[in-house]
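Here the structure comes first, spelled out in C-alpha coordinates, and everything after it is commentary.
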There are 2 protein chains.
Amino acid sequence: MKIGELAHVAQCTVETVRYYEKEGLLPAATRTAGNFRQYGPAHVERLRFIRNCRALDMSHGEIRTLLSLADQPGAGCGAINAVFDQHIAHVDERIQELVQLKAQLSSLRKRCQAEQAVDACGILHGLAAMETEAKHKRHTHLG
Amino acid sequence: MKIGELAHVAQCTVETVRYYEKEGLLPAATRTAGNFRQYGPAHVERLRFIRNCRALDMSHGEIRTLLSLADQPGAGCGAINAVFDQHIAHVDERIQELVQLKAQLSSLRKRCQAEQAVDACGILHGLAAMETEAKHKRHTHLG
DNA sequence: CCACACCCTGAAGCTACTATAGAGTCAATG
DNA sequence: CATTGACTCTATAGTAGCTTCAGGGTGTGG
Ligand SMILES: [Zn+2]
Ligand SMILES: [Zn+2]
Ligand SMILES: [Zn+2]
Ligand SMILES: [Zn+2]
(Lines give C-alpha, C1' and ligand atoms only; values in the text may rest on other atoms or scores of the structure.)
(Ligands and ions follow the chains in the order given, each with its own letter.)
Protein backbone atom coordinates (compact mmCIF):
# COMPACT_ATOMS: atom_id res chain seq x y z
CA MET A 1 0.00 0.00 0.00
CA LYS A 2 1.04 3.59 -0.58
CA ILE A 3 1.40 6.26 2.06
CA GLY A 4 -2.07 7.70 1.57
CA GLU A 5 -3.75 4.40 2.29
CA LEU A 6 -1.53 3.76 5.31
CA ALA A 7 -2.32 7.19 6.69
CA HIS A 8 -5.99 6.50 6.15
CA VAL A 9 -6.09 3.22 8.04
CA ALA A 10 -4.05 4.74 10.86
CA GLN A 11 -6.20 7.86 10.97
CA CYS A 12 -3.43 10.34 10.47
CA THR A 13 -1.99 12.44 7.67
CA VAL A 14 0.67 11.42 5.18
CA GLU A 15 2.84 14.20 6.55
CA THR A 16 2.66 12.62 9.97
CA VAL A 17 3.73 9.27 8.53
CA ARG A 18 6.72 10.84 6.80
CA TYR A 19 7.54 12.69 10.01
CA TYR A 20 7.53 9.46 12.03
CA GLU A 21 9.85 7.90 9.51
CA LYS A 22 12.25 10.81 9.77
CA GLU A 23 12.09 10.54 13.58
CA GLY A 24 12.84 6.84 13.45
CA LEU A 25 9.56 5.75 15.03
CA LEU A 26 8.43 4.06 11.87
CA PRO A 27 11.01 2.05 9.88
CA ALA A 28 11.71 3.34 6.39
CA ALA A 29 9.51 1.81 3.72
CA THR A 30 10.75 0.15 0.56
CA ARG A 31 10.32 2.26 -2.56
CA THR A 32 8.63 1.59 -5.87
CA ALA A 33 10.34 2.27 -9.20
CA GLY A 34 8.77 5.74 -9.12
CA ASN A 35 10.21 6.37 -5.62
CA PHE A 36 6.88 5.99 -3.83
CA ARG A 37 6.94 4.48 -0.34
CA GLN A 38 5.51 0.96 -0.22
CA TYR A 39 4.04 -0.39 3.03
CA GLY A 40 2.93 -3.80 4.33
CA PRO A 41 0.92 -5.10 7.30
CA ALA A 42 3.83 -4.75 9.73
CA HIS A 43 3.93 -1.03 9.05
CA VAL A 44 0.20 -0.75 9.59
CA GLU A 45 0.48 -2.50 12.92
CA ARG A 46 3.36 -0.35 14.06
CA LEU A 47 1.82 2.91 12.98
CA ARG A 48 -1.46 2.03 14.66
CA PHE A 49 0.46 1.24 17.82
CA ILE A 50 2.16 4.61 17.67
CA ARG A 51 -1.07 6.47 17.03
CA ASN A 52 -2.74 4.66 19.92
CA CYS A 53 0.08 5.66 22.21
CA ARG A 54 -0.20 9.24 20.99
CA ALA A 55 -3.94 9.15 21.66
CA LEU A 56 -2.93 8.41 25.24
CA ASP A 57 -0.64 11.45 25.16
CA MET A 58 2.58 9.52 25.43
CA SER A 59 5.70 11.30 24.25
CA HIS A 60 7.78 10.11 21.32
CA GLY A 61 10.44 9.18 23.83
CA GLU A 62 8.06 6.97 25.74
CA ILE A 63 6.80 5.39 22.54
CA ARG A 64 10.31 4.80 21.30
CA THR A 65 11.10 3.01 24.55
CA LEU A 66 7.96 0.89 24.34
CA LEU A 67 8.70 -0.04 20.75
CA SER A 68 12.24 -1.09 21.45
CA LEU A 69 11.11 -3.12 24.46
CA ALA A 70 8.39 -4.73 22.39
CA ASP A 71 11.03 -5.73 19.86
CA GLN A 72 12.61 -8.07 22.40
CA PRO A 73 9.78 -10.57 22.72
CA GLY A 74 11.69 -12.93 24.96
CA ALA A 75 12.44 -10.47 27.73
CA GLY A 76 10.24 -9.71 30.71
CA CYS A 77 7.67 -6.95 30.48
CA GLY A 78 8.60 -5.24 33.72
CA ALA A 79 10.19 -2.32 31.90
CA ILE A 80 7.08 -1.89 29.79
CA ASN A 81 4.89 -1.79 32.85
CA ALA A 82 7.27 0.74 34.39
CA VAL A 83 7.10 3.11 31.41
CA PHE A 84 3.37 2.83 31.52
CA ASP A 85 3.21 3.54 35.22
CA GLN A 86 5.41 6.56 34.79
CA HIS A 87 3.17 7.88 32.09
CA ILE A 88 0.12 7.42 34.28
CA ALA A 89 1.99 9.44 36.87
CA HIS A 90 2.58 12.15 34.27
CA VAL A 91 -1.13 12.37 33.59
CA ASP A 92 -1.92 12.35 37.27
CA GLU A 93 0.49 15.12 38.02
CA ARG A 94 -0.87 17.31 35.27
CA ILE A 95 -4.41 16.74 36.48
CA GLN A 96 -3.38 17.87 39.95
CA GLU A 97 -1.76 20.99 38.54
CA LEU A 98 -4.79 21.86 36.46
CA VAL A 99 -7.21 21.29 39.33
CA GLN A 100 -5.18 23.67 41.46
CA LEU A 101 -5.11 26.14 38.62
CA LYS A 102 -8.83 25.94 38.25
CA ALA A 103 -9.34 26.68 41.91
CA GLN A 104 -7.15 29.73 41.60
CA LEU A 105 -8.98 30.86 38.48
CA SER A 106 -12.37 30.35 40.08
CA SER A 107 -11.46 32.37 43.12
CA LEU A 108 -10.24 35.17 40.87
CA ARG A 109 -13.41 34.94 38.83
CA LYS A 110 -15.52 35.65 41.89
CA ARG A 111 -13.92 39.04 42.21
CA CYS A 112 -15.99 40.39 39.33
CA GLN A 113 -19.59 39.36 39.54
CA ALA A 114 -21.18 42.04 37.39
CA GLU A 115 -19.77 43.97 34.49
CA GLN A 116 -18.30 47.29 35.49
CA ALA A 117 -15.62 49.72 34.36
CA VAL A 118 -12.25 48.19 33.48
CA ASP A 119 -10.62 50.29 36.19
CA ALA A 120 -12.70 48.56 38.80
CA CYS A 121 -12.64 45.01 37.43
CA GLY A 122 -11.78 42.70 40.27
CA ILE A 123 -10.25 40.15 37.95
CA LEU A 124 -7.79 42.64 36.58
CA HIS A 125 -6.92 43.84 40.05
CA GLY A 126 -6.57 40.30 41.22
CA LEU A 127 -4.21 39.48 38.36
CA ALA A 128 -2.11 42.52 39.14
CA ALA A 129 -2.00 41.76 42.85
CA MET A 130 -1.10 38.08 42.58
CA GLU A 131 2.08 36.92 44.18
CA THR A 132 4.44 36.53 41.25
CA GLU A 133 6.18 33.25 41.74
CA ALA A 134 9.09 31.60 40.04
CA LYS A 135 8.15 29.16 37.35
CA HIS A 136 8.39 25.68 38.74
CA LYS A 137 10.00 23.18 36.45
CA ARG A 138 7.66 20.84 34.74
CA HIS A 139 8.37 17.19 35.44
CA THR A 140 6.17 15.83 32.71
CA HIS A 141 5.89 16.25 28.97
CA LEU A 142 2.21 17.15 29.30
CA GLY A 143 1.89 20.87 28.82
CA MET B 1 16.37 49.65 36.46
CA LYS B 2 18.18 47.35 34.09
CA ILE B 3 16.87 44.14 32.62
CA GLY B 4 18.45 41.88 35.23
CA GLU B 5 16.73 43.64 38.08
CA LEU B 6 13.42 43.67 36.25
CA ALA B 7 13.71 39.96 35.57
CA HIS B 8 14.50 39.38 39.20
CA VAL B 9 11.47 41.19 40.59
CA ALA B 10 9.23 39.48 38.04
CA GLN B 11 10.74 36.07 38.75
CA CYS B 12 11.76 35.30 35.21
CA THR B 13 14.91 35.35 33.12
CA VAL B 14 16.31 38.25 31.15
CA GLU B 15 15.86 36.17 28.00
CA THR B 16 12.17 35.93 28.72
CA VAL B 17 11.92 39.69 29.14
CA ARG B 18 13.65 40.29 25.82
CA TYR B 19 11.39 37.67 24.25
CA TYR B 20 8.26 39.42 25.52
CA GLU B 21 9.50 42.67 24.05
CA LYS B 22 10.08 41.05 20.69
CA GLU B 23 6.58 39.53 20.88
CA GLY B 24 5.06 42.90 21.69
CA LEU B 25 3.72 41.87 25.08
CA LEU B 26 6.05 44.24 26.86
CA PRO B 27 6.60 47.68 25.33
CA ALA B 28 10.14 48.43 24.25
CA ALA B 29 12.23 50.05 26.92
CA THR B 30 14.16 53.26 26.52
CA ARG B 31 17.89 52.77 26.14
CA THR B 32 20.83 54.17 28.03
CA ALA B 33 23.81 55.72 26.28
CA GLY B 34 25.41 52.30 26.29
CA ASN B 35 22.33 50.72 24.66
CA PHE B 36 21.11 48.99 27.81
CA ARG B 37 17.36 48.71 28.29
CA GLN B 38 16.06 51.01 31.01
CA TYR B 39 12.84 50.12 32.84
CA GLY B 40 10.48 51.91 35.21
CA PRO B 41 7.62 50.94 37.53
CA ALA B 42 5.11 50.65 34.67
CA HIS B 43 7.23 47.95 33.09
CA VAL B 44 7.46 46.12 36.39
CA GLU B 45 3.72 46.19 36.77
CA ARG B 46 3.10 45.00 33.24
CA LEU B 47 5.65 42.22 33.37
CA ARG B 48 4.31 40.99 36.68
CA PHE B 49 0.86 40.98 35.18
CA ILE B 50 2.09 38.92 32.26
CA ARG B 51 3.93 36.47 34.49
CA ASN B 52 0.88 36.06 36.69
CA CYS B 53 -1.24 35.30 33.66
CA ARG B 54 1.34 32.79 32.48
CA ALA B 55 1.33 31.19 35.92
CA LEU B 56 -2.36 30.60 35.24
CA ASP B 57 -1.43 29.00 31.92
CA MET B 58 -2.96 31.68 29.74
CA SER B 59 -1.68 31.88 26.19
CA HIS B 60 0.14 34.89 24.84
CA GLY B 61 -2.94 35.55 22.71
CA GLU B 62 -5.16 35.67 25.76
CA ILE B 63 -2.71 37.88 27.62
CA ARG B 64 -2.40 40.19 24.65
CA THR B 65 -6.17 40.54 24.60
CA LEU B 66 -6.34 41.22 28.32
CA LEU B 67 -3.61 43.81 28.10
CA SER B 68 -5.23 45.68 25.27
CA LEU B 69 -8.57 45.62 27.06
CA ALA B 70 -6.93 46.83 30.25
CA ASP B 71 -5.47 49.70 28.27
CA GLN B 72 -8.96 51.12 27.73
CA PRO B 73 -9.81 51.99 31.32
CA GLY B 74 -13.08 53.69 30.49
CA ALA B 75 -14.72 50.73 28.77
CA GLY B 76 -16.74 48.01 30.43
CA CYS B 77 -14.99 44.89 31.66
CA GLY B 78 -17.38 42.41 30.05
CA ALA B 79 -14.81 41.41 27.46
CA ILE B 80 -12.23 40.81 30.16
CA ASN B 81 -14.59 38.59 32.08
CA ALA B 82 -15.33 36.73 28.84
CA VAL B 83 -11.67 36.02 28.09
CA PHE B 84 -11.27 34.81 31.62
CA ASP B 85 -14.30 32.57 31.40
CA GLN B 86 -13.04 31.10 28.17
CA HIS B 87 -9.72 30.34 29.74
CA ILE B 88 -11.39 28.65 32.69
CA ALA B 89 -13.22 26.59 30.10
CA HIS B 90 -9.89 25.68 28.50
CA VAL B 91 -8.60 24.40 31.82
CA ASP B 92 -11.82 22.56 32.49
CA GLU B 93 -11.81 20.90 29.12
CA ARG B 94 -8.26 19.75 29.49
CA ILE B 95 -9.00 18.35 32.93
CA GLN B 96 -11.89 16.36 31.47
CA GLU B 97 -9.65 15.03 28.71
CA LEU B 98 -6.96 14.00 31.13
CA VAL B 99 -9.39 12.34 33.51
CA GLN B 100 -10.76 10.31 30.62
CA LEU B 101 -7.26 9.50 29.54
CA LYS B 102 -6.38 8.34 33.00
CA ALA B 103 -9.36 6.02 33.09
CA GLN B 104 -8.28 4.54 29.79
CA LEU B 105 -4.71 4.16 31.01
CA SER B 106 -5.81 2.56 34.27
CA SER B 107 -7.99 0.04 32.51
CA LEU B 108 -5.08 -0.84 30.23
CA ARG B 109 -2.79 -1.11 33.22
CA LYS B 110 -4.99 -3.78 34.78
CA ARG B 111 -4.29 -6.04 31.86
CA CYS B 112 -0.82 -6.81 33.19
CA GLN B 113 -0.82 -7.52 36.89
CA ALA B 114 2.42 -9.44 37.18
CA GLU B 115 5.56 -9.28 35.14
CA GLN B 116 5.62 -11.82 32.34
CA ALA B 117 7.12 -12.28 28.89
CA VAL B 118 6.81 -9.31 26.52
CA ASP B 119 4.85 -11.47 24.08
CA ALA B 120 2.15 -11.95 26.66
CA CYS B 121 2.08 -8.46 28.19
CA GLY B 122 -1.51 -7.37 28.38
CA ILE B 123 -0.58 -3.69 28.14
CA LEU B 124 1.21 -4.21 24.85
CA HIS B 125 -1.67 -6.27 23.49
CA GLY B 126 -4.10 -3.67 24.67
CA LEU B 127 -2.18 -0.89 22.97
CA ALA B 128 -2.09 -2.85 19.74
CA ALA B 129 -5.78 -3.69 19.90
CA MET B 130 -7.06 -0.21 20.68
CA GLU B 131 -9.46 1.38 18.29
CA THR B 132 -7.30 3.83 16.40
CA GLU B 133 -9.25 7.02 16.24
CA ALA B 134 -8.78 10.22 14.34
CA LYS B 135 -7.11 12.92 16.31
CA HIS B 136 -9.75 15.26 17.58
CA LYS B 137 -8.87 18.88 17.26
CA ARG B 138 -7.79 20.50 20.43
CA HIS B 139 -9.97 23.42 21.39
CA THR B 140 -7.58 24.71 23.97
CA HIS B 141 -4.00 25.80 24.03
CA LEU B 142 -3.29 23.59 27.02
CA GLY B 143 -1.30 20.58 25.94
C1' DC C 1 -2.10 14.18 -24.73
C1' DC C 2 -3.87 16.14 -20.84
C1' DA C 3 -6.06 16.74 -16.52
C1' DC C 4 -6.03 15.34 -11.99
C1' DA C 5 -5.06 12.78 -7.91
C1' DC C 6 -1.47 11.34 -5.66
C1' DC C 7 3.48 11.26 -4.32
C1' DC C 8 8.36 13.35 -3.51
C1' DT C 9 11.89 16.59 -0.91
C1' DG C 10 13.20 20.37 1.80
C1' DA C 11 12.25 24.28 4.39
C1' DA C 12 9.49 27.19 7.26
C1' DG C 13 5.86 27.93 10.75
C1' DC C 14 3.57 27.01 15.20
C1' DT C 15 4.19 28.02 21.07
C1' DA C 16 6.75 29.89 24.68
C1' DC C 17 10.61 29.89 25.67
C1' DT C 18 15.90 28.35 26.46
C1' DA C 19 20.61 28.27 25.15
C1' DT C 20 24.24 29.26 22.83
C1' DA C 21 28.16 32.53 20.54
C1' DG C 22 30.56 36.58 20.10
C1' DA C 23 30.78 41.20 21.26
C1' DG C 24 30.07 45.52 24.00
C1' DT C 25 29.35 48.29 28.74
C1' DC C 26 30.37 49.61 33.22
C1' DA C 27 31.81 49.84 38.14
C1' DA C 28 35.34 48.53 41.10
C1' DT C 29 39.84 47.13 42.10
C1' DG C 30 45.10 47.15 41.87
C1' DC D 1 44.94 53.78 34.07
C1' DA D 2 44.38 49.17 32.96
C1' DT D 3 42.15 45.16 33.98
C1' DT D 4 38.75 42.09 35.89
C1' DG D 5 34.18 40.45 36.35
C1' DA D 6 29.35 41.01 36.24
C1' DC D 7 26.29 42.49 33.39
C1' DT D 8 24.28 43.61 28.78
C1' DC D 9 23.65 43.47 23.60
C1' DT D 10 22.22 40.96 18.97
C1' DA D 11 21.40 37.08 16.24
C1' DT D 12 20.74 32.30 15.68
C1' DA D 13 19.34 27.66 16.70
C1' DG D 14 17.06 24.28 19.45
C1' DT D 15 12.88 22.15 21.98
C1' DA D 16 7.92 18.78 20.75
C1' DG D 17 5.03 17.17 17.44
C1' DC D 18 3.53 18.09 14.10
C1' DT D 19 1.35 21.31 9.85
C1' DT D 20 1.84 23.93 5.76
C1' DC D 21 4.01 25.34 1.79
C1' DA D 22 6.71 25.60 -2.59
C1' DG D 23 8.16 23.39 -6.47
C1' DG D 24 8.42 19.62 -8.45
C1' DG D 25 7.59 14.13 -10.21
C1' DT D 26 4.29 9.80 -11.00
C1' DG D 27 0.49 7.40 -12.62
C1' DT D 28 -4.16 6.68 -14.34
C1' DG D 29 -8.60 7.69 -16.97
C1' DG D 30 -10.61 9.76 -20.87
ZN1 LIG E 1 4.34 10.36 29.90
ZN1 LIG F 1 -14.65 42.41 35.39
ZN1 LIG G 1 -6.91 29.69 27.72
ZN1 LIG H 1 3.32 -6.31 31.15
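Chain letters run A, B, ... following the sequence lines, proteins first, then strands; residues in each count from 1.
Using a 4.0 Å cut-off between a side-chain N of Lys or Arg and a carboxylate O of Asp or Glu, E133(A) and R51(B) do not qualify as a salt bridge.
Between K22(B) and K2(B), the one whose closest nucleotide on DNA chain D sits nearer the 5' end is K2(B). Where K135(B) and F36(A) meet DNA chain D, the nucleotide closest to each residue was compared, and K135(B) sits on the side nearer the 5' end.
Picking from dC8(C), dT20(C), dC17(C) the nucleotide with the shortest atom distance to the side chain of N35(A) gives dC8(C). Taking only side-chain atoms of R31(A), from C-beta outward, the nucleotide of dT8(D), dC7(C), dC8(C) with the closest atom is dC8(C). Residue Y20(A) places its side chain closer to dC18(D) than to any other of dC18(D), dC8(C), dA16(C).
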**OP:** Determine, stepwise, if the pair S59(A) / L142(A) fulfils side-chain contact (heavy atoms from CB on, under 4.5 Å).
**Re:** CA-CA 8 Å; S59(A) 70; L142(A) 298 172; over 6 Å; no
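D119(A) pairs by the side-chain hydrogen bond (donor to acceptor under 3.5 Å, both in side chains) definition with nothing, not counting sequence neighbours.
Of the side-chain N and O atoms in T32(A), none sit less than 4.0 angstrom from OP1 or OP2 of dT26(D). Residue T13(B) places no side-chain N or O under 4.0 Å from the OP1 or OP2 atom of dC17(C). Contact between the side-chain N/O atoms of R37(B) and the OP1/OP2 oxygens of dC9(D) is found at a separation under 4.0 Å. Checking the phosphate oxygens (OP1, OP2) of dT15(C), no side-chain nitrogen or oxygen of H60(B) falls inside 4.0 Å. Side-chain nitrogen and oxygen atoms of R54(A) include at least one within less than 4.0 Å of the OP1 or OP2 phosphate oxygen of dC18(D).
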Nucleotide N/O to protein N/O under 3.5 Å, stretch nucleotides 1-5 of chain D:
none

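Taking the C1' atoms of five terminal pairs at each end of the helix from dC1(C)-dG30(D) to dG30(C)-dC1(D), the two resulting helix axes are inclined by 40°, rounded to 10°.
Checked against a 6.0 Å centroid threshold, the rings of H141(A) and H60(A) do not count as neighbours.
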